[in-house]
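Below is one structure; the comments refer to it alone.
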2 protein chains.
Amino acid sequence: MVSAYNCDSGCPVQNTLQFISGKWKSVILYHIFKNNVLRFSELQAKLPYVSKRMLAKQLSELETDGIVAKRVYPVIPVKTEYRMTTFGESLRPVIKAIEQWGSEHTDEIGVLANTQIQENH
Amino acid sequence: MVSAYNCDSGCPVQNTLQFISGKWKSVILYHIFKNNVLRFSELQAKLPYVSKRMLAKQLSELETDGIVAKRVYPVIPVKTEYRMTTFGESLRPVIKAIEQWGSEHTDEIGVLANTQIQENH
DNA sequence: CTGAATCCACGTCGATACTG
DNA sequence: CAGTATCGACGTGGATTCAG
C-alpha cells in the first residue's frame, strides 16, 4: 500500500486529498505551520485526542510523502523534530483556507449537533 | 452518531474538517461548485470510483450538515438535484484552495509512488 | 432513478507492552 | 523520548437486493 496512493487521479481536488486526507494530517500540518518546528511530544500535547500510534503513523506518512522532514538527535533520550519541507510549505495556503473557515464559522458549528445518522448492524 | 460530530473542537482546522472530511465530500463539493446543480446520476458519472452506497451516504451527511440542499422532483422515475446552500457556499474558498494546489502540483504527484508502508497483521 | 437495508470481508485504531 | 509490535473490537465500504 502506497502511503497516500500518490498518483494523478485526474481530479485536482482528489490529488490534493491524497496528501492531506488521513484523519489528522491537516491538523498536524496546521500546528507545524504555526510553530515551524515541533517535537513528537509537543505534537502529542497539542493533539491529546490522537493516540501515539496514530500520530506516529500520520507523521511517517507525511514524511514519506515529502511533506514534513524528521530530524533525529542521537542524544539520550532521543529527541526528534518535525518541520515542513519546501514541498510541504506549498500546502500552507490550503491549510490556511481550512483554518480560516473554521475560525469564521465557530458559531455555526454545533447547531445541527442533534441530527442522528446511524449505520446499524 | 452525529453526522459529522459537529461541535467546536477548539481547533479551527478540526472544526472545518468535521464538515469536509469523509472520504469523498470535498470532491463532491468540488463538482457541485463547478456545476451549480447536479443530479445523483450525474455525480455518479463524475465519480465512477465511488460506489452508489457511499455517494448516497456522503450526500446525506452533507445535507444534514446544511452544506448541500436536495431537491426532489416527484416524477417517475424520481429525479433529484443537489446544490450548495448558502452555508455551503462559504466553503468555496476552501475547496478552491484544495483544487488549486492539486492542479499546480500534478507534476510532483506520483514521483514517490513506490514507497511502501504496510500495516501487516 | 434514487436511494435504503442487509451481509460480510476488510481496514482502522486504541490499549498495552516492548525496544533503543 | 520516540517510536514499533501485537491484539482485539469496531467501523467502513463494496456487492447485492429491495422499494418508492
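Predicted model, so just to flag it, every value in this text is computed and none were measured.
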Query - Between B:Glu81 and B:Tyr73, a side-chain donor and acceptor under 3.5 Å - result: yes
**Report entry** Length of the line joining B:Met54:CE and D:dG14:P, which is rounded to integer Å
**Finding:** 6 Å
Query raised in the report: Can you check whether B:Gly102's main-chain N or O pairs, donor with acceptor, with B:Thr106's side chain at less than 3.5 Å?
Result: no
Query raised in the report: Do you know which of B:Val27, B:Leu38, B:Ile32, B:Leu55 makes side chain to side chain contact (heavy atoms under 4.5 Å, CB included) with B:Lys46?
Result: B:Leu38
Query raised in the report: Between the axis at one end of the helix from C:dC1-D:dG20 to C:dG20-D:dC1 and the axis at the other (five pairs apiece), what's the angle to 10 degrees?
Result: 50°
Report task. Determine the interplanar angle of the B:Trp101 and A:Phe19 rings, folded into 0 to 90°, and report it as parallel if under 30°, tilted if 30 to 60°, perpendicular if over 60°. Result -> perpendicular
Requested in this report: Write down the distance between NZ (B:Lys57) and C1' (C:dA5), rounded to a whole number of angstrom.
Outcome: 13 Å
Report summary line: Atom CD of A:Gln44 and atom C1' of D:dT4 are separated, to the nearest Å, by 14 Å
Requested in this report: Please confirm whether the backbone N or O of B:Ile67 pairs with a side-chain atom of B:Thr85, one donor and one acceptor, at under 3.5 Å?
Outcome: yes
Requested in this report: Please check if the side chain of B:Ser103 supplies one atom and the backbone of A:Pro12 the other of a donor-acceptor pair under 3.5 Å.
Outcome: no
**Report entry** N/O (side chain, B:Ser51) to phosphate O (OP1/OP2, D:dA15) under 4.0 Å
**Finding:** no
Query raised in the report: Does B:Tyr82 make a side-chain N or O approach to OP1 or OP2 of C:dG3 shorter than 4.0 Å?
Result: yes
Query raised in the report: Can you check the A:Lys52 NZ to C:dC13 P distance for me, whole Å?
Result: 17 Å
Query raised in the report: Where along residues 29-43 of chain B does a heavy atom come under 4.0 Å from DNA chain D, residue by residue in number order?
Result: none
Report summary line: Separation of D:dC18 atom C1' from B:Arg53 atom CZ, nearest Å, is 15 Å
Query - Any B:Ser60 side-chain nitrogen or oxygen under 4.0 Å from OP1 or OP2 of C:dG3 - result: no
Query raised in the report: With the threshold set at 4.0 Å, does a side-chain nitrogen-carboxylate oxygen contact exist between B:Glu61 and B:Lys25?
Result: yes
**Report entry** Which atom of B:Ala97 lies closest to which atom of A:Pro93, heavy atoms considered
**Finding:** CB-O, 4.2 Å
Requested in this report: Describe, in one word, how the ring planes of B:Tyr82 and B:Phe40 are oriented to each other, choosing from parallel (under 30°), tilted (30 to 60°) and perpendicular (over 60°).
Outcome: tilted
Query raised in the report: Over how many whole Å does the gap from B:Glu61 atom CD to C:dG3 atom C1' extend?
Result: 15 Å
Report summary line: Within residues 69-78 of chain B, the residues having a heavy atom closer than 4.0 Å to DNA chain C are B:Lys70, B:Pro77, B:Val78
Report task. Taking A:Thr80 for its side chain and A:Val72 for its backbone only, find out whether a donor-acceptor pair lies under 3.5 Å. Result -> no
Requested in this report: For A:Ser90 and A:Thr86, indicate whether the former's side chain and the latter's backbone hold a donor-acceptor pair under 3.5 Å.
Outcome: no
Report summary line: Of all heavy-atom pairs linking A:Gly88 and A:Phe33, the shortest is O-CZ, 3.4 Å
Query raised in the report: C:dG14 P sits how many Å from A:Leu47 CG, rounded?
Result: 12 Å
Query - Residue A:Thr80, side-chain heavy atoms: nucleotide from C:dT6, D:dG3, C:dC13 that is nearest - result: D:dG3
Query raised in the report: Rounded to whole angstroms, how far apart are CD on A:Gln58 and C1' on D:dA2?
Result: 17 Å
